[in-house]
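By convention here, the first residue in the shown sequence is residue 1.
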Amino acid sequence: MDDIHADTAAPQRCFAFSAGFFRDRRVNRILTLAGYAPRLGWPTAKDAVLVWGHSPYAHRGEWVAARTGARLIRVEDAFFRSVLPGRSGDAPLGLVIDDLGCHFHAARPSRIEAILAGNDLDSPALIDAAAAALDFAQTHRLSKYNATPLDGPRPDPGYVLVVDQTRGDASIHHAGATAATFHTMLTAARDENPGARILIKTHPETAAGLRAGHFTAADGELWDAPTPVADLLAGASAVYTVSSTLGAEAIYAGHTPVVFGVPFYAGWGLTDDRAQIPDRRGHPRTAAQLFAAANILAATWYDPSRDDLCDVTTALRHLAADTRAWRDDHAGWDMHGMRLWKRKPLTQFFGGRGPVRFDPKVAKAPAMVWGVKEGPGKAARLEDGFLRSNGLGAQLIPPMSLILDDIGIYFDPQAPSRMEALIAASVDIGAAQSARALALRDAIVAAGVSKYNLSARGDLDLPPGRKILVPGQVEDDASILRGTVDIATNAALLQAARDANPDAILIYKPHPDVEAGLRQGAVPDAGTIADVVAQNADPIALIDQVDEVWTMTSLLGFEALIRGKSVTCVGLPFYAGWGLTTDRHAIARRRARPSLAGLIHAALIDAPRYFDPVTGRPCPPEVVVQRLADGSGMPRGPGNRVLAKAQGALASYAHLWR
């Protein structure tokens with residue numbers, strides 16, 4: 001691909017004559033990281049001038065570039081931008097930095113057009129990467145803007161989708177179209193689809209009252225509900241557009257959109273073109289090649305957690321995390337029965353997109369309760385995720401991951417849960433999802449990351465022989481009260497493991513909350529049954545040294561499972577019953593047989609939400625693994641232990657941050 005990028009190296013200096021390049025911190029940061037840091041001053045012919053697309057202020061930079069001979073570089077948002085439009089305050093996740101032209105200006109070449117017209121889009125690795133990123137975007141129903149609830153209204157399928165755009169947008173004029181073109185398009189849609197329902201898709205900025213569109217209710221049926229674009233495209237029998245980027249998304253979804261302007265995606269054999277296409281185009285391209293050109297080769301993406309440039313997949317993971325948070329939280333939350341110390345971290349975790357209220361007198365928003373506490377009938381239930389923190393919940397260390405369940409709760413096998421449904425569905429996991437799950441597992445194992453990541457002894461000298469780890473648990477914990485059958489104490493578990501394995505080396509690991517004196521579950525005579533009582537030991541180091549784990553419902557069973565160890569469950573944890581463990585009891589509902597990758601994807605990617613304590617933003621699990629590995633973003637208050645002791649003394653049964 002050297003011919004495409006031969007002249008795209010960043011110039012020595014870049015000058016800007018629009019305040020937005022300095023005021024918008026995200027745009028400025030992406031440009032700086034990409035080597036195009038905006039500066040004030042007067043350029044020479046060796047320098048460059050930055051302008052924002054063909055905005056009303058672009059003429060300033062255009063004049064300076066023409067006067068000085070400096071290279072003109074046009075900057076635009078990348079095609080998966082943010083949750084809300086920029087006019088609503090959300091920063092972009094990526095930019096298209098174009099040294100040739102602008103992707104929506106059909107009269108002259110652009111960087112995307114040069115890539116599409118070249119001969120470097122046949123690499124299997126590139127196409128595989130594009131296919132995987134596109135599949136991810138479609139699975140998570142991502143678009144340019146993403147303030148779209150998944151439970152909102154959907155039109156009955158079979159309609160013709162006509163796409164409106166904001167009036168006066170530069171992408172219309174420079175695509176060779178006018179306001180009249182929109183009415184020509186609507187007429188054609190009606191004439192070519194007699195009797196069909198015509199649905200006019202309103203632009204998100206028009207629906208939000210930010211900019212006017214071309215159609216009103218007098219023109220036909222407007223669809224201004226915040227429906228995911230993927231859902232609208234799935235129900236459409238045909239798609240008509242002038243130059244909207246939704247046309248490219250229609251191509252990715254399998255449509256051949258009818259196009260009345262000349263956007264970047266027209267003229268490559270993927271559209272029904274009604275406008276004159278420049279002779280420069282005509283090389284047939286596939287949808288994957290179009291996606292690769294626009295989103296991999298031409299776009300520059302930003303990772304907000306690592307403050308660095310990244311690939312499209314990493315950017316989409318961040319967008320998916322932020323979009324999920326908006327979809328969950330935009331209506332706000334009424335939280336019931338949350339302890340006082342939890343309120344600040346819960347507000348940070350769930351309050352970024354909507355209001356959070358604690359113990360309200362009158363319901364105004366969806367309800368949330370902790371674990372199995374009593375609450376409103378339709379309340380979602382909240383629990384810690386499995387990559388939690390550097391420190392114990394009982395020591396009041398806030399979590400980086402939480403699991404919100406609208407069906408049940410993962411540790412209660414007496415009823416279905418969202419986790420259970422996700423694990424069952426993971427039998428259909430795709431290759432890209434499987435690869436991500438296994439890569440996440442490898443990162444966790446390489447970093448030695450676990451749920452709590454406590455500083456503990458990792459140098460135990462264990463006796464030779466077949467070794468079995470028996471992890472103790474908090475005996476009044478809800479996972480024991482709900483998830484055990486005939487063995488519900490640490491002493492009984494230890495004895496059962498000894499009875500079944502009389503010649504094995506048993507290593508008993510007390511639960512850290514019990515060791516810290518914060519919870520119940522001590523086994524004073526553990527040393528008479530176990531060969532080793534591993535006090536204050538690193539549980540992950542122990543897992544690495546043993547052959548098998550026996551557990552009631554401990555998460556250490558899951559952590560052993562992903563590290564390739566045999567696991568015997570005498571209780572009913574979320575990871576039991578799927579054919580991956582040796583189980584003393586069965587759950588009839590759990591008939592599916594997922595792979596280990598499927599279980600990991602469900603438990604560590606699909607079910608939890610993650611919070612980056614460094615940026616205060618939602619994030620993908622890969623970021624939390626890094627934070628837990630390097631210990632960043634986990635401040636500890638000096639009064640935590642005193643408060644934790646008091647909390648444990650006052651409410652031994654209360655379900656704490658585990």
Over 12 non-hydrogen atoms of neighbours within 6.0 angstrom of [atom1] in [X]:
{"X": "Asp279", "atom1": "CG", "value": "no"}
{"X": "Arg67", "atom1": "CZ", "value": "no"}
{"X": "Gln12", "atom1": "CD", "value": "no"}

Salt-bridge present ([X], [Y]; N to O < 4.0 Å):
{"X": "Asp164", "Y": "Lys201", "answer": "no"}
{"X": "Arg353", "Y": "Asp90", "answer": "yes"}
{"X": "Asp169", "Y": "Arg167", "answer": "no"}
{"X": "Arg190", "Y": "Glu221", "answer": "no"}
{"X": "Lys144", "Y": "Glu249", "answer": "no"}
{"X": "Arg71", "Y": "Asp99", "answer": "yes"}
{"X": "Arg74", "Y": "Glu62", "answer": "yes"}
{"X": "Asp156", "Y": "Arg197", "answer": "no"}

For residues 156-182, the ring pair (Phe, Tyr, Trp, His ring centres under 6.0 Å) pairs (sequence neighbours left out) are His54-His174, His105-His174, Phe182-His214

Applied to residues 230-255, the ring pair (Phe, Tyr, Trp, His ring centres under 6.0 Å) test, sequence neighbours excluded, yields Tyr252-Phe291

[Y] side chain reached by [X] side chain, heavy atoms, under 4.5 Å:
{"X": "Ser243", "Y": "Phe264", "result": "no"}
{"X": "Thr227", "Y": "Thr148", "result": "no"}
{"X": "Leu126", "Y": "Ile296", "result": "yes"}
{"X": "Glu622", "Y": "Arg436", "result": "yes"}
{"X": "Val239", "Y": "Val163", "result": "yes"}
{"X": "Arg317", "Y": "Phe136", "result": "yes"}
{"X": "Ser88", "Y": "Leu210", "result": "yes"}
{"X": "Val229", "Y": "Tyr145", "result": "no"}

Quick one: sort the Phe80 and Trp301 rings into parallel, tilted or perpendicular, breaks at 30° and 60°.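 The arrangement is tilted - the two ring planes meet at 30° to 60°.
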
Quiz item: When you look at Arg324 and Asp322, which way does the salt bridge (Lys or Arg N to Asp or Glu O under 4.0 Å) test go after all the steps?
Solution: CA-CA 5 Å; Arg324 179 177 179 179; Asp322 206 8; over 6 Å; no

Under 3.5 Å, is there a donor-acceptor pair between the side chain of [X] and the main chain of [Y]?
{"X": "Arg285", "Y": "Leu116", "value": "yes"}
{"X": "Asp612", "Y": "Val614", "value": "yes"}
{"X": "Trp63", "Y": "Gly61", "value": "no"}
{"X": "Thr241", "Y": "Ser244", "value": "yes"}
{"X": "Asp329", "Y": "Trp326", "value": "no"}
{"X": "Arg154", "Y": "Gly152", "value": "yes"}
{"X": "Thr68", "Y": "Ala70", "value": "yes"}
{"X": "Thr615", "Y": "Pro304", "value": "no"}
{"X": "Ser82", "Y": "Pro85", "value": "no"}
{"X": "Gln433", "Y": "Gly430", "value": "yes"}

Rounded to the nearest 0.5 Å, what's the gap from [atom1] on [X] to [atom2] on [Y]? Could you check?
{"X": "Ser143", "Y": "Arg81", "atom1": "OG", "atom2": "CZ", "value": "12.5 Å"}
{"X": "Asp122", "Y": "Ile127", "atom1": "CG", "atom2": "CD1", "value": "7.0 Å"}
{"X": "Asp303", "Y": "Thr314", "atom1": "CG", "atom2": "OG1", "value": "6.5 Å"}

Between Val51 and Ala58, the two heavy atoms sitting closest are CG1-O, 3.6 Å

For residues [X] and [Y], is any side-chain donor paired with an opposing acceptor at under 3.5 Å?
{"X": "Thr271", "Y": "Asp273", "result": "yes"}
{"X": "Asp47", "Y": "Thr44", "result": "yes"}
{"X": "Asp606", "Y": "His601", "result": "yes"}

| task | Apply the side-chain contact (heavy atoms from CB on, under 4.5 Å) test between Phe215 and each candidate in Thr206, Thr202, Leu222; give the one that qualifies. | result |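 Option passing the side-chain contact (heavy atoms from CB on, under 4.5 Å) with Phe215: Leu222.
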
task = Give a yes or no on whether the ring-centroid distance for Tyr302 and His318 is below 6.0 angstrom.
result = no

- Query: So, do Tyr265 and Phe79 have ring centers that fall under 6.0 Å from each other?
  - Reply: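 So the answer is no for these two rings.
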
